[in-house]
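Below: one structure, written as structure tokens.
Everything numeric in this text was worked out from a predicted model, so none of it was measured. Note on naming: letters A, B, ... go to the chains in the order of the sequence lines (proteins, then strands), and numbering restarts at 1 for each one.
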There are 2 protein chains.
Amino acid sequence: MIPIRSASTAQQVHDWLYRCVLRGDLLPGMRLSETEIAAQVGLSRQPVREAFIRLASDGLAEIRPQRGTYIGRISVRAVLSARLIREAVESDLGRMVARSRPDLSAMAAELDLQARADAAGDVPAFVESDDRFHGAMAEAAGHPAVWQDLERLKAQMNRMRHLSMRVFDRSATIAQHRAILTALQAGDGDAAETAIRTHLRQMLTELPEMARTHPDYFTD
Amino acid sequence: MIPIRSASTAQQVHDWLYRCVLRGDLLPGMRLSETEIAAQVGLSRQPVREAFIRLASDGLAEIRPQRGTYIGRISVRAVLSARLIREAVESDLGRMVARSRPDLSAMAAELDLQARADAAGDVPAFVESDDRFHGAMAEAAGHPAVWQDLERLKAQMNRMRHLSMRVFDRSATIAQHRAILTALQAGDGDAAETAIRTHLRQMLTELPEMARTHPDYFTD
DNA sequence: CCTGCTTTACTCGTATGGAAGTATGGCATA
DNA sequence: TATGCCATACTTCCATACGAGTAAAGCAGG
């Protein structure tokens, strides 16, 4: 028999809240009430409370003792750190891919998806495909586990991107992705690194813009 | 008035357990009982349980529903991922330091500490100074927050190092650190990157060795 | 009108009891 | 002896109750 191993209720609540925060359904600074959520999902406070603890560990919520729990604001510093880490790591991964010349059809497929999502104006689909594009590169480099680690760091970044991708030019992102893929297919490590760094540095201009537009969503 | 804000008891229990795991006082595979720990620290089960949840979020414990909570084994994959990420990030940080030529006395001070700790055979002190050495480089590069992020990923790695540093040649580590510092002081970015990558690749030989020596402490 | 205290309602934090699930040992059986 | 069933003891998980601390509203006094 297949071990379905339904996760604990508290874990399920956490996963639900986690997605809500990343998708922007729960906005920075918003208040989270244990009793309120508990009533919504038909549970007692305890599992909800434990879900909040997990959420705080993710850096997505802030538990202020005896005061209340709030959705954390997007930390500019955290986004910049994650960005720097991504630039360094993905540069190395890109070089590995360029050297070993693996199959890159997965990345190409995501590129097509992005074009369609852009045309349809489906922002969530675009952002998710963007993620999978970079994940596919890590996979092609033979280090899928590294992408798992980056996912955690990227949490804060993703929240911003769900906002910024509504505003900024998505076709520019697609062009940058295409440049990366072309360099990788050509096996040109230097060009790949350059393209990757250029692409990820795009965020350095987007971030201050978003922080200016939505000052109450950001901190630091 | 200074907001002392004594952390919640659950948080204190978590911090205590966290240190115990990293120092190796709690060994991989060991069983953690809510009731037992609760009795030890004179609390009820609930705060201990919440501490376990935090510990699981850190990847240091594994909660098996209705079965028990166990200290997680050291994931070889996680260590390799963290190592790859560190190599990429610290290479970039090293280049930044070499370019901007900031004050590096903090790194030099840690180097001295390591020599003394090695002579005294104080392994924990050595490992902690090793950490601060790398942290000081991130600080010198102007990105202390990046090191904060790496600390989380390094958790699994540190557990291994507390084991391996008892076995392997610590003077070799010191020599590698000296090479890094020398390159940084000279402002030689290429040499710094080479030294950093060489240093961090040392782990690629140590890890399989440790996994072979302590097979029941590792997984993957 | 403004200031300061008091009350009140709310929050999170902890303790405890019961429910559901799992592993283990003993026992009957082949 | 080997095997399968079953009762028991143990675990985590959830619900509930109580306590401590905070914040804000109401009110008295200037």
Side-chain angles (χ1 to χ4, degrees), chain A residues 1-18 20-21 26-73 216 219, chain B residues 1-18 20-21 26-73 216 219:
Chain A
M1 168 158 174
I2 301 171
I4 299 188
R5 310 240 358 217
S6 83
S8 76
T9 311
Q11 185 65 45
Q12 292 180 39
V13 174
H14 165 266
D15 293 347
W16 174 56
L17 292 174
Y18 187 93
C20 285
V21 172
L26 292 173
L27 294 173
M30 196 177 271
R31 190 150 172 289
L32 282 182
S33 167
E34 289 182 0
T35 56
E36 193 177 326
I37 303 287
Q40 275 188 32
V41 296
L43 291 171
S44 78
R45 273 179 45 215
Q46 204 56 44
V48 175
R49 169 179 171 71
E50 297 179 359
F52 285 6
I53 291 175
R54 288 179 164 94
L55 212 58
S57 275
D58 297 328
L60 297 183
E62 182 186 358
I63 301 175
R64 279 187 272 190
Q66 319 295 1
R67 295 217 215 165
T69 299
Y70 299 84
I71 300 293
R73 291 185 161 75
D216 46 343
T219 181
Chain B
M1 165 154 174
I2 300 172
I4 299 187
R5 311 245 346 228
S6 86
S8 75
T9 312
Q11 184 66 44
Q12 293 180 37
V13 174
H14 164 266
D15 293 347
W16 174 56
L17 292 174
Y18 187 93
C20 285
V21 173
L26 293 173
L27 293 173
M30 196 176 271
R31 189 148 174 287
L32 282 182
S33 167
E34 288 182 2
T35 56
E36 193 177 326
I37 302 288
Q40 276 188 30
V41 296
L43 290 171
S44 75
R45 299 187 330 260
Q46 201 56 43
V48 174
R49 169 179 171 72
E50 297 179 359
F52 285 5
I53 291 175
R54 289 179 163 94
L55 211 59
S57 276
D58 298 328
L60 298 183
E62 182 187 358
I63 302 175
R64 279 188 273 189
Q66 318 294 2
R67 292 214 220 168
T69 300
Y70 300 83
I71 300 293
R73 291 185 161 74
D216 46 343
T219 182

Counting only side-chain heavy atoms from C-beta out, which of C:dA15, C:dC12, D:dT11 sits nearest to B:T35?
D:dT11

Whole-Å distance between C:dT11 C1' and A:L32 CG?
13 Å

Salt bridge between B:E36 and B:R31, side-chain N to carboxylate O under 4.0 Å?
no

Give a yes/no answer on whether the side chain of B:R49 brings an N or O atom under 4.0 Å of OP1 or OP2 in D:dT11.
no

Rounded to the Å, how far apart are A:L43 CG and D:dC13 C1'?
11 Å

Taking the side chain as everything from C-beta on, heavy atoms only, tell me whether A:R64 gets closer than 4.5 Å to A:T69.
no

Using whole Å, what does the distance between atom C1' of nucleotide C:dC12 and atom CD of B:Q11 come to?
14 Å

If only side-chain N and O atoms of A:R67 are considered, is one of them under 4.0 Å from the OP1 or OP2 phosphate oxygen of D:dA23?
yes

When rounded to the nearest 0.5 angstrom, what is the spacing between CE in A:M30 and SG in A:C20?
10.5 Å

Measure from CD on A:E50 to P on D:dA15 and round the result to the nearest Å.
10 Å

If we ignore hydrogens and angles and just use 3.5 Å, is the side chain of B:R73 paired with the main-chain N or O of B:D216 as donor and acceptor?
yes

A:R45 side-chain proximity, nearest of C:dT11, D:dT12, D:dC18
D:dC18

When you measure from the side chain of A:P47, which nucleotide among C:dT22, D:dC14, C:dT11 comes out closest?
D:dC14

Report the distance from atom OH of A:Y70 to atom P of D:dA23, rounded to the nearest whole Å.
9 Å

B:R31 CZ - C:dT24 P separation (whole Å):
10 Å

Base, sugar-phosphate, or nothing for A:I53, non-hydrogen atoms under 4.0 angstrom?
nothing

Is there a side-chain contact between B:T9 and the phosphate of C:dG13, meaning an N or O under 4.0 Å from OP1 or OP2?
no

How many Å lie between CD on B:Q46 and C1' on D:dT16, as a whole number?
11 Å

Report the C-alpha distance between B:L55 and B:I63 in whole Å, list the side-chain angles of each, state the deciding distance to 0.1 Å, and finish with yes or no for side-chain contact (heavy atoms from CB on, under 4.5 Å).
CA-CA 9 Å; B:L55 211 59; B:I63 302 175; over 6 Å; no

Quick check for you: among D:dG21, D:dT12, D:dA15, whose closest atom lies nearest to any side-chain atom of B:I63?
D:dT12

Calculate the interatomic distance between A:R64 atom CZ and C:dG13 atom C1'; express it in whole Å.
17 Å

Of the candidate nucleotides C:dA20, D:dA15, C:dT11, which contains the atom at the shortest distance from the side chain of B:Q66?
C:dA20

Would one find a side-chain N or O of A:S33 under 4.0 angstrom from OP1 or OP2 of C:dT11?
yes

